Novice: 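Provided herewith is a single structure, encoded as structure tokens, for subsequent inquiry.
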Amino acid sequence: MTNGIQAPRGTKDLFGPEFDRFEALERLASGVARTWGYAGIRTPVFEDTGLFVRSIGEATDIVEKEMFTVPPREDKGDDKSYTLRPENTAGVVRAYLEHNLHKTQGLARFFYIGPQFRRERPQAGRLRQFHQMGAEVLGLLREAKGDQPAAPYTAYADVILMAAEILSRAGLKGLKLRYNSVGCAKPGCRDGYREKLKAALSAGKEKLCGDCQRRIDRNVFRVLDCKKPNCREVSAAVLANVPQEFCAECRAQMDFVSPTVKELLPAGVEAAHDQFLVRGLDYYTGTVFEFTAEGLGSQDAVGGGGSYDGLIEEMGGPKLGATGFALGLERVLMSQEAAKAASPEAPAAGALVYVAAAVDSPEPYKLAVRLRQAGIRTDFDLSAPARGVGNHLKRASKLGARLAVIVGEDELKAGEATVKDMAGGEQRRIKAADALAEVKKTLG
RNA sequence: GUGGAUGUAGCUCAGCUUGGUUAGAGCGUCUGACUGUGGAUCAGAAGGUCGCCGGUUCGAAUCCGGUCAUCCACCCCA
């Protein structure tokens with residue numbers, strides 16, 4: 001067909017077996033998100049242009065040259081400029097604030113699935129309308145306030161592990177997780193490192209490509225991301241001499257996330273700290289990450305994300321942290337097909353188990369992740385390091401949990417866990433190692 | 001696009017007619033009673049630019065003007 005109308009450049013029609021695979025992946029992703037205790041959200045496909053400029057950043061490639069923008073219609077007295085969303089985090093944060101969720105639930109966990117739009121030159125794995133599945137944890141208290149303690153770093157690991165779970169269940173081969181810290185906006189953190197990088201890279205400026213020479217002033221970190229061999233050589237030398245230097249909190253975040261994620265990642269997913277990893281959006285702080293897989297050509301990232309502890313405040317909200325990820329569904333499908341993987345079954349939405357951390361330790365969280373990885377819908381409180389048992393049971397009952405698995409100081413010392421039936425109230429102590437089997441048996 | 005109504009705490013609303021101490025209630029949230037056991041009850045706490053801008057006034061949530069937003073009906077439409 002050469003003379004008629006065709007789908008716009010960079011878009012595609014989805015039908016037949018492709019539609020079925022797409023739908024199966026959507027079901028898998030939302031099924032996993034639900035077993036991890038995340039609730040769904042759909043935000044508008046377009047938003048005020050300013051929302052993206054403010055969140056993603058004025059000097060980013062996305063905002064500078066890749067947005068589909070509908071200009072204002074001044075003749076109709078309309079001075080609003082709208083833009084098709086290039087990503088979904090800004091919309092979710094906007095909705096979180098607009099509906100005052102920081103006041104009604106404190107910590108919110110959402111997942112979304114939907115089309116995103118970027119006006120780039122299409123290539124394998126890069127469309128102008130593409131689809132993402134993502135998840136966000138919003139409302140992490142960064143420092144203690146009154147009788148509320150600061151949130152632990154669990155949430156930052158949680159989103160990585162959930163993304164890994166989806167990709168792994170999707171049957172992708174050669175899954176690799178790379179992570180890094182990009183520092184935060186606190187004085188002396190990212191700023192200090194940025195200046196040192198700038199100075200060091202400027203010294204070897206002539207060897208860098210034209211783009212990178214410009215990036216030194218505009219956005220130094222993107223130099224580390226350049227794929228050109230000369231630039232890589234220069235940045236490798238620079239990184240060897242200018243070690244990353246971030247604030248205590250950013251380091252602590254990484255010190256928790258790194259071992260926790262490595263221990264709990266699904267089998268077959270490799271993980272490595274990669275100081276070259278940066279992100280193309282300005283709102284990221286602290287730990288960032290990216291997943292790559294086989295079968296994708298030059299665009300080999302299937303998903304990525306990280307924390308964005310400054311964005312909620314930047315958008316006019318309170319000082320609360322957040323973290324999240326997004327997966328490119330078309331890329332996941334490409335990789336899935338290359339791996340000749342069959343469309344996997346989504347985990348069934350069974351009864352809810354609540355894991356109660358009554359002691360400040362990573363062990364209860366690890367237990368929760370293992371239950372989820374076994375397909376059991378499990379809720380875990382990411383907002384506090386530990387709570388009293390009564391407080392936890394109140395939450396469990398409000399969430400409608402069928403079972404509560406309590407790990408407190410006694411249990412931790414003994415290597416045990418208490419499994420309690422929320423309806424009848426009966427409970428028993430078991431070996432922590434038997435918890436999964438016990439929960440499975442009880443749920444039938 | 002036309003007409004009507006409404007903006008007060010996270011939610012539902014009272015207060016406005018007749019301007020006057022520190023703007024209230026119920027629900028929700030958090031904390032405690034109950035230092036490791038939930039749903040009930042009781043007590044306490046947090047939470048507000050009274051949509052925004054201007055005017056009148058000694059004084060405005062309250063009166064006046066403008067503006068923005070939302071809702072309803074009509075028109076049109078998937």
Side-chain angles (χ1 to χ4, degrees), chain A residues 37 39 41-48 50-51 72-82 92-110 114-115 138-152 312-313 315-320 351-361 363-364 367-368 378-430 432 435 438-439 442:
Chain A
I41 186 169
R42 286 191 198 198
T43 65
V45 156
F46 65 94
E47 299 269 3
D48 283 4
L51 176 70
R73 299 190 57 177
E74 277 145 31
D75 54 321
K76 301 255 173 147
D78 181 358
D79 60 350
K80 283 274 174 68
S81 164
Y82 299 108
V92 172
V93 172
R94 197 219 76 246
Y96 171 78
L97 289 172
E98 184 164 334
H99 302 290
N100 290 301
L101 300 181
H102 53 110
K103 289 178 182 168
T104 48
Q105 29 178 296
L107 191 129
R109 287 171 300 170
F110 283 120
L138 306 147
L140 297 160
L141 204 55
R142 292 307 340 132
E143 39 199 72
K145 189 177 141 201
D147 44 28
Q148 285 179 283
I312 292 175
E313 195 178 15
M315 305 222 330
K319 193 175 177 180
L320 293 169
L352 180 70
V353 174
Y354 181 95
V355 174
V359 62
D360 187 1
S361 152
E363 293 311 316
L367 176 55
T378 304
D379 209 294
F380 183 86
D381 180 14
L382 299 169
S383 70
R387 289 180 185 280
V389 172
N391 198 316
H392 272 306
L393 289 176
K394 209 178 279 185
R395 281 159 201 272
S397 125
K398 201 170 291 176
L399 289 164
R402 169 106 172 269
L403 291 180
V405 180
I406 304 161
V407 181
E409 216 172 318
D410 293 354
E411 286 91 344
L412 190 64
K413 270 185 206 148
E416 297 178 337
T418 298
V419 178
K420 180 185 179 82
D421 185 295
M422 292 301 288
E426 60 275 11
Q427 63 183 51
R428 56 204 194 97
R429 289 274 287 258
I430 53 160
E438 173 71 16
V439 166
T442 317

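This one's a predicted model, so the numbers in the text were calculated from it and none came from an experiment. Lettering of chains follows the sequences in order, A, B, ..., and the numbering in each one begins at 1.
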Novice: Measuring only the C1' atom in each nucleotide, how far is B:U70 from B:U31? A whole number of Å is fine.
Specialist: 36 Å

Novice: Roughly how many Å apart are B:U41 and B:G19, using the P atom of each and rounding to a whole number?
Specialist: 42 Å

Novice: Should A:D379 and A:V355 be marked as a side-chain contact (heavy atoms from CB on, under 4.5 Å) after you check the CA-CA gap, both sets of side-chain angles, and the distance that decides it?
Specialist: CA-CA 6 Å; A:D379 209 294; A:V355 174; over 6 Å; no

Novice: Decide yes or no on side-chain contact (heavy atoms from CB on, under 4.5 Å) for A:R402 and A:L352, but give the supporting numbers first.
Specialist: CA-CA 6 Å; A:R402 169 106 172 269; A:L352 180 70; 5.8 Å; no

Novice: Let me have a per-nucleotide readout for nucleotides 35-41 of chain B, 5' to 3', with B, S or -, counting only protein heavy atoms under 4.0 Å.
Specialist: -BBBB--

Novice: Please identify each residue that fulfils salt bridge (Lys or Arg N to Asp or Glu O under 4.0 Å) with A:E313, with sequence neighbours left out.
Specialist: none

Novice: Could you pull out all residues at least two apart from A:E98 that satisfy side chain to side chain contact (heavy atoms under 4.5 Å, CB included)?
Specialist: A:R94

Novice: A:P318: what forms a side chain to side chain contact (heavy atoms under 4.5 Å, CB included) with it, not counting sequence neighbours?
Specialist: A:L97, A:H102, A:I312, A:L320

Novice: Which dot-bracket notation, 5' to 3', represents the base pairing of RNA chain B when pairs are defined as Watson-Crick or G-U with both distances under 3.5 Å, crossing pairs as [ ], and inter-strand pairs as |?
Specialist: (((((((..((((......[...)))).(((((.......))))).....(((((..]....))))))))))))....

Novice: Between B:G24 and B:C16, how far is it from one P atom to the other, in whole Å?
Specialist: 15 Å

Novice: Can you list every pair that meets salt bridge (Lys or Arg N to Asp or Glu O under 4.0 Å) and has a residue in residues 405-414 of chain A, with sequence neighbours left out?
Specialist: A:E409-A:K413

Novice: In whole angstroms, how far is the P atom of B:C30 from the CG atom of A:N100?
Specialist: 16 Å

Novice: Could you tell me how far B:U8 sits from B:G3 if I compare only their P atoms? Round to whole Å.
Specialist: 25 Å

Novice: Under 3.5 Å, which protein N or O atoms sit close to an N or O of nucleotides 47-51 of chain B? Give each pair with its distance.
Specialist:
none

Novice: Using the C1' atom in both, what is the distance from B:U62 to B:A43, to the nearest Å?
Specialist: 35 Å

Novice: Could I get the full list of salt bridge (Lys or Arg N to Asp or Glu O under 4.0 Å) partners for A:E438, not counting sequence neighbours?
Specialist: A:R428, A:K441

Novice: Nearest whole Å is fine: how far is B:A46 P from A:L141 CG?
Specialist: 18 Å

Novice: Measure the distance from NE2 on A:H102 to C1' on B:A46 and round it to the nearest whole Å.
Specialist: 14 Å

Novice: On a whole-Å scale, what distance lies between the P atoms belonging to B:A45 and B:G65?
Specialist: 42 Å

Novice: Please collect all side-chain hydrogen bond (donor to acceptor under 3.5 Å, both in side chains) contacts where either partner lies in residues 383-398 of chain A, sequence neighbours excluded, each pair once.
Specialist: A:Y354-A:H392, A:D381-A:S383, A:D381-A:R387, A:S383-A:R387, A:N391-A:R395

Novice: What is the distance from NE2 of A:H392 to C1' of B:C34, rounded to the nearest Å?
Specialist: 17 Å

Novice: For the pair A:V407 and A:L367, evaluate side-chain contact (heavy atoms from CB on, under 4.5 Å) and give the outcome as yes or no after the intermediate values.
Specialist: CA-CA 9 Å; A:V407 181; A:L367 176 55; 4.1 Å; yes

Novice: Got a sec, which residues hit side chain to side chain contact (heavy atoms under 4.5 Å, CB included) with A:R42, two or more places apart in sequence or on another chain?
Specialist: none

Novice: Report the residues that fulfil salt bridge (Lys or Arg N to Asp or Glu O under 4.0 Å) with A:R429, sequence neighbours left out, ordered by chain and then residue number.
Specialist: A:E416

Novice: Between B:U6 and B:G51, how far apart are the P atoms? Round to whole Å, please.
Specialist: 13 Å

Novice: Please give the distance between the C1' atoms of B:G54 and B:C71 as a whole number of Å.
Specialist: 26 Å

Novice: With sequence neighbours excluded, what pairs up with A:D48 under the side chain to side chain contact (heavy atoms under 4.5 Å, CB included) test?
Specialist: A:K80, A:Y82

